[in-house]
Student: 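Questions regarding the structure given below will be posed in turn.
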Amino acid sequence: LHLATKGTGSLVVDSNTTFGAHTAGFTLKTITWAASLTIDWNEGNKQLITMTGDVTSLTFTPPANPCSLTLIVKQDGTGSRTMAWSGIKWPSGVVIDLSTAASSIDVFTFLYDGTDYLGVGALAFS
């Protein structure tokens, strides 16, 4: 394992690093629903929201660096909640709608390249 710090104080792990039988964990940040929702990716690159109403306005606060981001969206027991996506580039330009079944779970992954969010979704986990 080779660890070094850059002048910025960032920790750099070389490309040959392995964790063996161990894993690298993360903290899943829970977001509180709001009709006008801002997701601050500086607070964590894995976030979860339970939809208790429609999100009519969505804003992403960009992370400090290009990275991979994950948003888990759960429908509440009522379901049929919607999200007005904005500022995301989807495959073929087709916006992905949330699954609407009560208690369904969708997982969205975004590649943030420093400018754009490139999004894909895995839908209807139950």
Side-chain angles (χ1 to χ4, degrees):
L1 174 66
H2 171 75
L3 301 176
T5 57
K6 290 185 174 185
T8 62
S10 300
L11 179 65
V12 178
V13 180
D14 73 20
S15 62
N16 297 316
T17 303
T18 63
F19 291 99
H22 306 284
T23 61
F26 61 87
T27 300
L28 182 62
K29 174 162 177 14
T30 300
I31 306 166
T32 302
W33 172 86
S36 181
L37 182 65
T38 297
I39 298 175
D40 186 346
W41 291 112
N42 294 294
E43 294 179 0
N45 64 346
K46 310 283 189 237
Q47 299 198 30
L48 163 73
I49 184 169
T50 299
M51 301 288 286
T52 57
D54 295 338
V55 172
T56 56
S57 173
L58 177 65
T59 303
F60 286 168
T61 300
N65 297 298
C67 60
S68 178
L69 307 163
T70 302
L71 178 62
I72 301 168
V73 179
K74 292 185 177 184
Q75 292 281 352
D76 65 4
T78 300
S80 297
R81 312 300 188 177
T82 62
M83 178 138 1
W85 299 106
S86 60
I88 300 165
K89 294 186 177 187
W90 299 102
S92 300
V94 178
V95 177
I96 299 174
D97 292 325
L98 299 180
S99 300
T100 56
S103 303
S104 65
I105 301 168
D106 298 333
V107 178
F108 296 93
T109 302
F110 306 99
L111 173 64
Y112 177 66
D113 66 6
T115 303
D116 295 313
Y117 295 93
L118 311 175
V120 295
L123 306 176
F125 291 88
S126 57

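The structure presented is a predicted model; accordingly, all values stated were derived computationally and were not measured. Atom set for the values below is all heavy atoms of this structure, side chains included, hydrogens, waters and symmetry mates excluded.
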Student: Report the distance from atom CD of Glu43 to atom CD1 of Ile31, rounding to the nearest 0.5 Å.
Tutor: 8.5 Å

Student: Please output the side-chain donor-acceptor pairs of residues 104-120 that fall under 3.5 Å, not counting sequence neighbours, one pair per line with the distance.
Tutor:
from: Ser104; atom 1: OG; to: Ala101; atom 2: O; distance (Å): 2.9
from: Asp106; atom 1: OD1; to: Ser99; atom 2: OG; distance (Å): 2.7
from: Asp106; atom 1: OD1; to: Ala124; atom 2: N; distance (Å): 2.8
from: Asp106; atom 1: OD2; to: Ser99; atom 2: N; distance (Å): 2.7
from: Tyr112; atom 1: OH; to: Gly114; atom 2: O; distance (Å): 3.0
from: Asp113; atom 1: OD1; to: Thr115; atom 2: N; distance (Å): 2.8
from: Asp113; atom 1: OD1; to: Asp116; atom 2: N; distance (Å): 2.6
from: Asp116; atom 1: OD2; to: Lys89; atom 2: NZ; distance (Å): 3.4

Student: What pairs meet the salt bridge (Lys or Arg N to Asp or Glu O under 4.0 Å) rule with one or both residues in residues 46-58, with sequence neighbours excluded?
Tutor: none

Student: When clusters are formed by joining ILVMFWY residues with side-chain heavy atoms under 4.5 Å apart, either directly or through shared neighbours, do Met83 and Phe125 land in the same one?
Tutor: no

Student: Side-chain atoms of residues 55-70: list all donor-acceptor pairs with protein atoms under 3.5 Å, sequence neighbours left out, distances to 0.1 Å.
Tutor:
from: Thr56; atom 1: OG1; to: Ala35; atom 2: O; distance (Å): 3.3

Student: Would you mind listing every salt bridge (Lys or Arg N to Asp or Glu O under 4.0 Å) that reaches into residues 61-84, with sequence neighbours excluded?
Tutor: Asp76-Arg81

Student: Side-chain heavy atoms under 4.5 angstrom apart, residues restricted to Ile, Leu, Val, Met, Phe, Trp, Tyr: same cluster for Met51 and Ile72?
Tutor: no

Student: Quick one: side chain to side chain donor-acceptor pair (under 3.5 Å) partners of Asp97, sequence neighbours excluded?
Tutor: none

Student: Determine whether Ile49 and Ile88 fall in the same hydrophobic cluster, where Ile, Leu, Val, Met, Phe, Trp and Tyr are linked whenever their side-chain heavy atoms lie under 4.5 Å apart.
Tutor: yes

Student: Enter the distance from Thr27:OG1 to Gln47:CD here, rounded to the nearest 0.5 Å.
Tutor: 11.0 Å

Student: In chain order, what residues pass the side chain to side chain donor-acceptor pair (under 3.5 Å) check against Ser80, with sequence neighbours excluded?
Tutor: none

Student: Roughly how far apart are Leu71 CG and Ile39 CD1, rounded to 0.5 Å?
Tutor: 4.5 Å

Student: Just grab all the salt bridge (Lys or Arg N to Asp or Glu O under 4.0 Å) pairs involving residues 55-73, residues at least two apart or on different chains.
Tutor: none

Student: With sequence neighbours left out, which residue pairs that include part of residues 117-126 fulfil the salt bridge (Lys or Arg N to Asp or Glu O under 4.0 Å) condition?
Tutor: none

Student: For Ser103 versus Gly77, what's the shortest heavy-atom pair and its separation?
Tutor: OG-CA, 4.1 Å

Student: Does Trp33 belong to the same Ile/Leu/Val/Met/Phe/Trp/Tyr cluster as Val73, with side-chain heavy atoms less than 4.5 Å apart forming each link?
Tutor: yes

